Undergrad: 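The structure's right below; bear with me while I get my questions together.
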Amino acid sequence: MRHLLPIASAGIALLVGVFLIFVRTDRREATFFPMGPIPVKVVAFDRTIFQFHRDVETVRSRVDELARIFNRHDPGSELAELNREASTKSVPACPEMRELLELSREWRRKTGGAFDPTVGPLVDVWSEAGEAHELPTAAKLAEVRGRVGLPFVESSADGKIRFSRKGMSLDFGAIAKGAIVDEAAAVLLIRGVRRGLVEAGGDGVAFGPGTFQFGIQDPVAKAGAGIIGTIEAEAGAVVTSGSYERFIEIAGKRFSHIIDPRTGRPAENGIVSATVVGGAAADADALATALMVLPLSESIGLLKEQGAFQALLIRKGDGGAMEIRMSEALSPKVYLERRWAASVQTF
Ligand code: ADP
Ligand code: MG
């Protein structure tokens, strides 16, 4: 009889274990790669392992779909087709494309043209210049600038898009990642996840009660090599745009991958990284890109107008040392290493 006791206890332990696997909700995390090397991380806090597995599958197929629509470099994508054909005829566009275009118009207006997804031809000229190690000529830049500008993109009431200049190219690289993480978070919410977050290559959005922590990447260290502090924010976006990971180099000089659509030249406002906190990630993404283009004083003015967003900007100061400028309202949410904390000025 006595020897049956351990067997019975082991049996009960096994049953409890199996039961826990089925019902236990916990912080769960998954990462996948729908956009080349850019990881998409999905986190949910109140799901069983089985629920989460299905959450991730659903998010994944929706993200794959969107990533395919907006990949300008995939000749089979809807965006590539639009860029090929919209100079000669009106092209039907899917709802996602029209929505992102309209949101882009809003942000172009709010940023005075610093954000403009028609920069595609300029992005191409500068990336070719980087490969050839030779600056584009003034004549070339002037010609290309003539086919950049969102007002040259016409949307009709029947959902079609047409370019009014030849050789235009929409590039949603500065807003699509944000829109994709927003959509992924919406999918999780619809599936019943009450608290979670989605992050893709510097674009994050969190939802649900409580606060969430995001690392602030070191602008000097190599990508992913370190953080200079953390932001602890409530639900909403935390999106970073930076020139430290992607840049082109010509004759020893580094140029940003972000272009000022108004001058046709790579952005050169001294900001090496702009983190926007608040709102939806698509908005924060567009805004973060504009903050890499506009002069600091204009960025501060814009942020004060757009009350829903705060920003942390890392800039190269006049003496060459890195310093931080950030919204006053971020102060209680940001924890910085001492070296960086000493350089902060708020606005
Ligand atoms: P990242 O996440 O790469 O730091 P962004 O969100 O700022 O960057 O997006 C940068 C990308 O957006 C560029 O690679 C280019 O494709 C496109 N882009 C560059 N300059 C602009 C601009 N001024 N407005 C809109 N899109 C831009
Ligand atoms: Mg952006």
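Just so you know, ligand 1 is whichever comes first in the structure, and atom 1 is the first atom listed for that ligand. The structure presented is a predicted model; accordingly, all values stated were derived computationally and were not measured.
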Undergrad: Go through the steps for Glu106 and Arg109 under the test salt bridge (charged side-chain N to carboxylate O under 4.0 Å, His left out), then give the verdict.
TA: CA-CA 5 Å; Glu106 249 178 64; Arg109 186 175 48 74; 5.3 Å; no
Undergrad: Heavy-atom count check: over 12 atoms from other residues, nucleotides or ligands less than 6.0 Å from Asp158 CG?
TA: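 More than 12 heavy atoms, drawn from other residues, nucleotides or ligands, come within 6.0 Å of this atom.
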Undergrad: Salt-bridged, Lys110 to Asp283, with N to O below 4.0 Å?
TA: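 So Lys110 does not pair with Asp283 through a salt bridge.
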Undergrad: Heavy-atom count around Glu134 CD within 6.0 Å, excluding the residue itself: above 12?
TA: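 Open: at most 12 neighbouring heavy atoms sit under 6.0 Å from CD of Glu134.
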Undergrad: Using a heavy-atom cut-off of under 4.0 Å, does the side chain or the backbone of Lys177 touch ligand 1, or both, or neither?
TA: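 Under 4.0 Å from ligand 1, Lys177 contributes side-chain atoms alone.
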Undergrad: What protein heavy atom sits nearest atom 25 (C) of ligand 1, and how far off is it?
TA: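 For atom 25 (C) of ligand 1, the nearest protein heavy atom comes out as Asp116 O, 3.3 Å.
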Undergrad: Under 3.5 Å, side chain of Arg147 to main-chain N/O of Gly167, donor-acceptor pair present?
TA: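 At least one qualifying donor-acceptor pair exists.
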Undergrad: Flag Gly242 as yes when one of its N or O atoms lies below 3.5 Å from any N or O atom of ligand 1, and as no otherwise.
TA: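 Yes, Gly242 has an N/O under 3.5 Å of an N/O on ligand 1.
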Undergrad: Nearest non-hydrogen contact with atom 11 (C) of ligand 1 belongs to which option: Gly173, Ala176, Ala200, Ala288?
TA: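 Shortest heavy-atom distance from atom 11 (C) of ligand 1: Gly173.
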Undergrad: Which one of Val239, Val148, Val119 has a non-hydrogen atom at the shortest distance from atom 21 (C) of ligand 1?
TA: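 The option holding the nearest heavy atom is Val119.
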Undergrad: With a cut-off of 4.0 Å, which atoms of ligand 1 are near a heavy atom of Phe115?
TA: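 With Phe115 as reference, the close atoms of ligand 1 come out as 24 (N), 25 (C).
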Undergrad: With a 4.5 Å heavy-atom cut-off, do Leu122 and Arg145 have their side chains touching?
TA: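 When only atoms from C-beta onward are counted, Arg145 and Leu122 do touch, with a gap below 4.5 Å.
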Undergrad: Relative to ligand 1, is Ala290 under 4.0 angstrom through side chain, backbone, both or neither, heavy atoms considered?
TA: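 No part of Ala290 is near ligand 1 at this cut-off.
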Undergrad: Going by the atom numbers of ligand 1, which of them fall below 4.0 Å from some non-hydrogen atom of Pro261?
TA: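 Listed by number with element: 23 (N).
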Undergrad: Contact between Phe163 and Asn83 at the side-chain level, heavy atoms closer than 4.5 Å - yes or no?
TA: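 Side-chain contact under 4.5 Å: yes.
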Undergrad: Geometry only, no angles: is Ser241 polar-contacting ligand 1 at N/O separations under 3.5 Å?
TA: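 There is such a contact, yes.
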Undergrad: In the protein, what heavy atom is nearest to atom 20 (N) of ligand 1, and what distance, to one decimal place, separates them?
TA: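 Result: Ile259 N, 3.0 Å.
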Undergrad: Can you find an N or O of Ala174 that's nearer than 3.5 Å to an N or O of ligand 1?
TA: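 There is such a contact, yes.
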Undergrad: Less than 2.8 Å away from the Mg ion (ligand 2), how many protein N/O/S atoms can be counted, ignoring water?
TA: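 Protein N, O or S neighbours of the Mg ion (ligand 2) under 2.8 Å, waters not counted, come to 4.
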Undergrad: For atom CD of Glu29, decide whether the heavy atoms of other residues, nucleotides or ligands shown that lie under 6.0 angstrom number more than 12.
TA: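 Atom CD in Glu29 is packed in, count exceeds 12.
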Undergrad: Could you check Glu57 against Arg191 for salt bridge (charged side-chain N to carboxylate O under 4.0 Å, His left out), going step by step and ending with a plain yes or no?
TA: CA-CA 12 Å; Glu57 285 309 302; Arg191 290 190 45 81; over 6 Å; no
Undergrad: Considering only protein heavy atoms, which is closest to atom 10 (C) of ligand 1, and at what distance to one decimal place?
TA: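 For atom 10 (C) of ligand 1, the nearest protein heavy atom is His257 NE2, 3.6 Å.
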Undergrad: Taking atom CZ of Arg84 as the centre, report whether more than 12 heavy atoms of other residues, nucleotides or ligands fall under 6.0 Å from it.
TA: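 Yes, CZ of Arg84 has more than 12 neighbouring heavy atoms, counting only those of other groups under 6.0 Å.
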Undergrad: Would the distance check show the side chain of Arg195 and the main-chain N or O of Pro209 forming a donor-acceptor pair, the cut-off being under 3.5 Å?
TA: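 Checked: pair present.
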Undergrad: Can you classify the ring geometry of Trp126 versus Phe255 as parallel (below 30°), tilted (30 to 60°) or perpendicular (above 60°)?
TA: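 The rings of Trp126 and Phe255 sit tilted, inter-plane angle from 30° to 60°.
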Undergrad: Tell me which one of Thr289, Leu287, Asp171, Ile258 gets a heavy atom nearest to atom 17 (C) of ligand 1.
TA: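 Result: the heavy atom closest to atom 17 (C) of ligand 1 is in Asp171.
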Undergrad: Answer yes or no for Gly202: is there a heavy-atom contact with ligand 1 below 4.0 Å?
TA: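 Heavy atoms of Gly202 never come under 4.0 Å of ligand 1.
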Undergrad: Compare all side-chain heavy atoms of Thr275 with those of Val239 and state whether any distance is below 4.5 angstrom.
TA: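 With C-beta onward as the side chain, the pair stays apart.
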Undergrad: Among all protein heavy atoms, pick out the one at the shortest distance from atom 14 (O) of ligand 1; state its residue, atom name and that distance to 0.1 Å.
TA: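 For atom 14 (O) of ligand 1, the nearest protein heavy atom is Arg246 NH2, 2.8 Å.
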Undergrad: Ignoring angles and geometry beyond distance, decide whether Asp285 reaches within less than 3.5 Å of ligand 1 through its nitrogen or oxygen atoms.
TA: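 The answer is yes, given that Asp285 and ligand 1 share an N or O pair closer than 3.5 Å.
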Undergrad: Run the salt bridge (charged side-chain N to carboxylate O under 4.0 Å, His left out) test on Glu102 and Arg105 for me, step by step, so that the C-alpha distance in whole Å, both residues' side-chain angles and the decisive distance to 0.1 Å come before the verdict.
TA: CA-CA 5 Å; Glu102 291 321 308; Arg105 289 193 200 280; 3.4 Å; yes
